[in-house]
Trainee: 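One structure, as structure tokens, below. Some questions next.
Here is the naming used below: chain letters follow the sequence lines, and residue numbers restart at 1 for every chain.
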Amino acid sequence: MLDPKLIRQENATVVAMLARRGATVDMARINQLEEQRRELQMQVQALQNARNQHAKKVGHAKASGADVGALLAEVADLGGQLTAAESAFNTVQDALQQLLALIPNMLHDSVPTGKSEADNQVVRSWGEPSQFNFTPKDHVELGANLGLDFAAGAKLSGARFVVMRNQLAKLHRALAQFMLDLHVKSHGYTEVAVPFIVNGNTLFGTGQLPKMREDLFAIDGEMNYYLIPTAEVPVTSLVADAILELNQLPLKFVCHSPCFRSEAGSYGKDTRGMIRQHQFEKVELVQIVHPDHSYAALEELTSHAEMILQKLELPYRVMALCSADIGFAATKTYDLEVWLPGQNCYREISSCSNTETFQARRMKARYRDTATSKPELVHTLNGSALAVGRTLVAVLENYQQADGSIKVPAALQAYMGCEVIV
RNA sequence: GGAGAGAUGGCUGAGCGGUCGAAAGCGGCGGUCUUGAAAACCGUUGAGCCCUUGCGGGUUCCGGGGGUUCGAAUCCCUCUCUCUCCGCCA
């Protein structure tokens, strides 16, 4: 959610942002509702004031034993007026809130303007695409003999599900363990385990609702429950409705969780392999920081995600997302793309974003500023470090050998207890 | 699943339908004292919104929603959550 004052006072700036993103929001309607809201609010508050004044008079009169009949008659029609005014106010307020909730976040000045993901910019690269003296296979082919079973996934659940067996299941677990351990030991994150089912209110806080309902798996029943699409949702929401002390910042959380995405709208995209699944696991980093430090924190958080790839010796590049590709809640995002020999291209394996106060405002996450002693909104950041399934794909494809076996990256050998997967 | 008890400010915890945004304590902040600190003492200290250049004024909020009333933290209905006991269970 944007600051309503920004929308009111710097309307042109907001309109320009929407244009850069290629987003459509009915700003004229919002401005009109905002005007109505102010007028109705003044009206309601004036009537409430009248009611309170009269109620006090009645109280005093009764206390002194006077007759209150005349006073009561005086306010006979006030109740009706107030109810009508409040009803009108609520109608406008609700309509306004619904529209405001659909406005995406502002963009940081450094975000390149673009029309599609093709306009994302390469910030830096690490490593060279792996060279082979044979034709490298993709992970589906490699995995077929190693326990990567798409048929079983399809039988149990349907398309976009997979079963892993034996050493691949272990490798998958090893990757998650390795990532968690590194972030806790070397990067100062606190590990958290959180619910994988959350309510609608929590999804509103991080910005998935109402706009992205299509991408979520909702749970049938009375309870307004959804499967999380990322641990960013429950983990960031740990600070919802809180006023933190300045010395508590920054908060740094790491969380390993499954993620569930309906992938509505991506029919026919990445249908082969485990690049795009309805269920995948991810190790997520979340930082809750002072507003002055959030862009430094974004660089740091991104470097933490990069460290995983470097330790695994997987070639990658860092992309600055352009205005058209950047997410709804983010002001700035870096994607990490890992080299996949089987596809002969770089593929997204991490996405690291600063949302500034966008999520904090929606979920009321604040800290107490010592200078003003007033509560101020924190900045929230999140990033994958990394998507475990895609990392498994990257290891398989980059560490494959001519005979179809997979060398185990040095960083994982302690976890796997072996040097090669056959 | 059955029986009961609760939900109040950063925390603990009072609160007869009227002068209650709310006692008290703790914590926080400022000050006195001190070489400094502690202790003690004094003062101060909720959040959001609206109007106002400013000073300031108004309004909402006592778990969520609805109701009764001139007036609700307080009464009624309902939902959610927490705790205790019994049963069941990973």
Side-chain angles (χ1 to χ4, degrees), chain A residues 1-9 30-101 193-205 209 219 221-226 234 237-249 251 288 357-378:
Chain A
M1 199 97 95
L2 295 183
D3 185 350
K5 287 197 186 75
L6 183 75
I7 296 170
R8 224 177 298 154
Q9 293 165 6
I30 287 175
N31 294 333
Q32 181 197 356
L33 284 167
E34 175 64 23
E35 195 50 44
Q36 287 178 22
R37 195 209 95 237
R38 288 173 70 187
E39 281 172 27
L40 286 167
Q41 182 162 356
M42 283 189 268
Q43 196 180 327
V44 165
Q45 292 189 355
L47 286 166
Q48 284 172 333
N49 186 19
R51 179 201 59 194
N52 292 346
Q53 297 305 323
H54 278 284
K56 265 185 191 168
K57 272 192 207 167
V58 173
H60 286 299
K62 273 201 170 176
S64 61
D67 178 45
V68 296
L71 275 173
L72 293 189
E74 220 174 288
V75 293
D77 59 335
L78 200 61
Q81 286 180 44
L82 185 54
T83 309
E86 280 176 338
S87 160
F89 171 71
N90 288 336
T91 303
V92 169
Q93 178 79 322
D94 288 351
L96 186 58
Q97 288 304 318
Q98 276 184 34
L99 286 175
L100 292 180
V194 296
F196 306 143
I197 295 174
V198 296
N199 60 39
N201 191 43
T202 298
L203 284 154
F204 178 85
L209 285 180
I219 294 175
E222 303 273 305
M223 291 304 290
N224 190 222
Y225 278 156
Y226 298 83
S237 300
L238 289 172
V239 295
D241 293 311
I243 301 177
L244 303 163
E245 293 304 324
L246 194 58
N247 62 16
Q248 292 180 268
L249 301 179
L251 288 170
I288 313 295
T357 58
F358 191 83
Q359 294 179 325
R361 184 171 292 106
R362 288 166 90 103
M363 67 172 69
K364 299 184 182 65
R366 295 154 294 175
Y367 71 97
R368 193 171 295 282
D369 188 276
T370 43
T372 63
S373 85
K374 300 292 283 182
E376 303 285 348
L377 295 167
V378 296

Trainee: Rounding to the closest angstrom, what is the interatomic distance between B/rG63 and B/rA73 at atom C1'?
Mentor: 12 Å
Trainee: In the strands shown, is B/rC41 matched to any nucleotide by a Watson-Crick or G-U wobble pair with both distances under 3.5 Å, and which?
Mentor: B/rG31
Trainee: Could you give the distance from CG (A/Leu377) to CG (A/Asp3), rounded to the nearest 0.5 Å?
Mentor: 8.0 Å
Trainee: Between B/rG57 and B/rC41, how far is it from one C1' atom to the other, in whole Å?
Mentor: 36 Å
Trainee: Provide, to the nearest angstrom, the distance between the CG atom belonging to A/Leu244 and the P atom belonging to B/rA47.
Mentor: 14 Å
Trainee: Checking contacts here: which listed nucleotide (B/rA47, B/rU60, B/rC49) is nearest the side-chain heavy atoms of A/Arg51?
Mentor: B/rU60
Trainee: Rounding to the closest angstrom, what is the interatomic distance between B/rG25 and B/rA40 at atom P?
Mentor: 13 Å
Trainee: For B/rC49 versus B/rU32, give the span between their P atoms, rounded off to a whole number of Å.
Mentor: 35 Å
Trainee: Could you tell me the separation between the CD atom of A/Gln359 and the CE atom of A/Met1, rounded to the nearest 0.5 Å?
Mentor: 12.5 Å
Trainee: Going by side-chain contact (heavy atoms from CB on, under 4.5 Å), A/Phe89 matches just one of A/Met42, A/Gln43, A/Arg37. Which one?
Mentor: A/Arg37
Trainee: For A/Gln36, which of A/Glu39, A/Gln32, A/Glu34, A/Arg38 qualifies under side-chain contact (heavy atoms from CB on, under 4.5 Å)?
Mentor: A/Gln32
Trainee: Using a 4.0 Å heavy-atom cut-off, does A/Arg361 contact any base of the nucleic acid, only the sugar-phosphate backbone, or nothing at all?
Mentor: nothing
Trainee: Tell me which nucleotide among B/rG46, B/rC50, B/rU19 gets nearest to the side chain of A/His60.
Mentor: B/rU19
Trainee: Distance between the P atoms of B/rG58 and B/rG10, in whole angstroms?
Mentor: 23 Å
